[in-house]
Amino acid sequence: MYQEQFMQRAIALSAQALSEPGTEPFGAVVVKDGVIVGEGFNHSVAHHDPTSHGEVEAIRDACRKLGTVNLQGCELYTSCEPCAMCVAAMHIAGIAKLYYAASLAQSGKAFDGVTVAARHPIDVDALRAEAGATLVQRSLPAEQKMDREAVEILSDWAATRKAS
């Protein structure tokens with residue numbers, strides 16, 4: 001159930017980027033049973049980490065605080081519609097519902113003409129296409145090497161879990 005105070009907190013985290021070097025204005029919170037259990041905002045430049053988006057940071061924070069990687073039943077509130085990477089992280093974590101403020105189109109319009117020296121701009125449409133494509137359809141060149149050795153380790157790991 002949508003709660004305005006959670007969106008207000010996500011937007012307040014986004015606003016921190018106005019005064020904190022190395023951040024960008026994307027904030028998010030994870031909510032479980034009506035309580036904020038994780039918060040984050042974009043630290044990509046400050047942390048030298050292109051995956052440090054607000055949603056991912058909020059998921060990381062919630063998982064640490066709750067001592068789990070399973071966020072089933074949790075909601076995520078974010079100041080901007082998430083990119084494909086963040087949506088994938090939400091799906092993997094089990095986020096039940098997403099609430100967002102600005103759309104990607106609105107944020108793109110707000111950022112029109114802005115250059116980010118620390119990294120190249122994200123092409124949202126290309127990211128969506130790449131994230132949803134099969135390996136052979138992706139534009140990133142890829143070659144499989146040493147699969148036998150890797151599969152052996154995976155099988156050994158899985159066998160220890162089956163015996164439990």
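Since the structure is predicted, the reported quantities are computational estimates derived from the model, not experimental observations.
With a 4.5 Å cut-off on side-chain heavy atoms, R60 and T51 count as touching. No side-chain heavy atom of P25 sits under 4.5 Å from any side-chain heavy atom of L18. By the 4.5 Å heavy-atom criterion applied to side chains, V37 and K65 are not counted as neighbours. Inter-residue side-chain proximity for Y77 and Q3 is flagged as met; some heavy-atom pair is nearer than 4.5 Å. Between M90 and I59, the closest side-chain pair of non-hydrogen atoms falls below 4.5 Å. Taking the side chain as every heavy atom from C-beta outward, H53 and F26 never approach each other to under 4.5 Å. Side-chain contact check for H91 versus V87: every heavy-atom pair is 4.5 Å or farther apart.
The one candidate from V56, D49, T23 that meets the side chain to side chain contact (heavy atoms under 4.5 Å, CB included) condition with H43 is T23.
At most 12 non-hydrogen atoms from other residues, nucleotides or ligands lie less than 6.0 angstrom from CD of E4. Heavy atoms of other residues, nucleotides or ligands lying less than 6.0 angstrom from OH of Y100 number 12 at most. Heavy atoms of other residues, nucleotides or ligands lying less than 6.0 angstrom from NZ of K97 number 12 at most.
When all heavy atoms of C74 and K32 are compared, the closest pair comes out as SG-CB, 3.6 Å. Nearest approach of I11 to A101, heavy atoms of both residues: CD1-CB, 4.1 Å. Taking every heavy atom of both residues into account, L13 and A28 meet most closely at CD1-O, 3.4 Å. Across all their heavy atoms, E130 and S139 have their closest contact at OE2-N, 2.8 Å. Minimum heavy-atom separation, T68 to C63: O-CB, 2.9 Å. When every heavy atom of I36 is checked against every heavy atom of F6, the shortest pair comes out as CG1-CD2, 3.6 Å.
One side chain, S52 or E57, offers a donor N or O that lies under 3.5 Å from an acceptor on the other. Judged purely by distance below 3.5 Å, without hydrogens or angles, the side chains of N42 and S44 pair a donor atom with an acceptor atom.
At distances below 3.5 Å, not a single donor-acceptor pair connects side-chain atoms of H47 with backbone N or O atoms of V45. With hydrogens and angles ignored, the 3.5 Å screen pairs no side-chain donor or acceptor of Y2 with any backbone N or O of Y99. Without hydrogens or angle criteria, S79 side chain to G27 main chain gives a donor-acceptor distance under 3.5 Å.
Atom CD1 in I95 sits 10.0 Å away from atom CD in Q72 (nearest 0.5 Å). Note that CG of L66 and CG of D61 are 9.0 Å apart. Values are rounded to the nearest 0.5 Å. Here OG of S155 is found 8.0 Å from CD of E152. Values are rounded to the nearest 0.5 Å. Note that CD of E149 and CD1 of I153 are 8.0 Å apart. Values are rounded to the nearest 0.5 Å. Rounded to the nearest 0.5 angstrom, D156 CG and R161 CZ are separated by 11.0 Å.
L76 and V31 are not part of a single hydrophobic cluster, where members link through side-chain heavy atoms under 4.5 Å apart.
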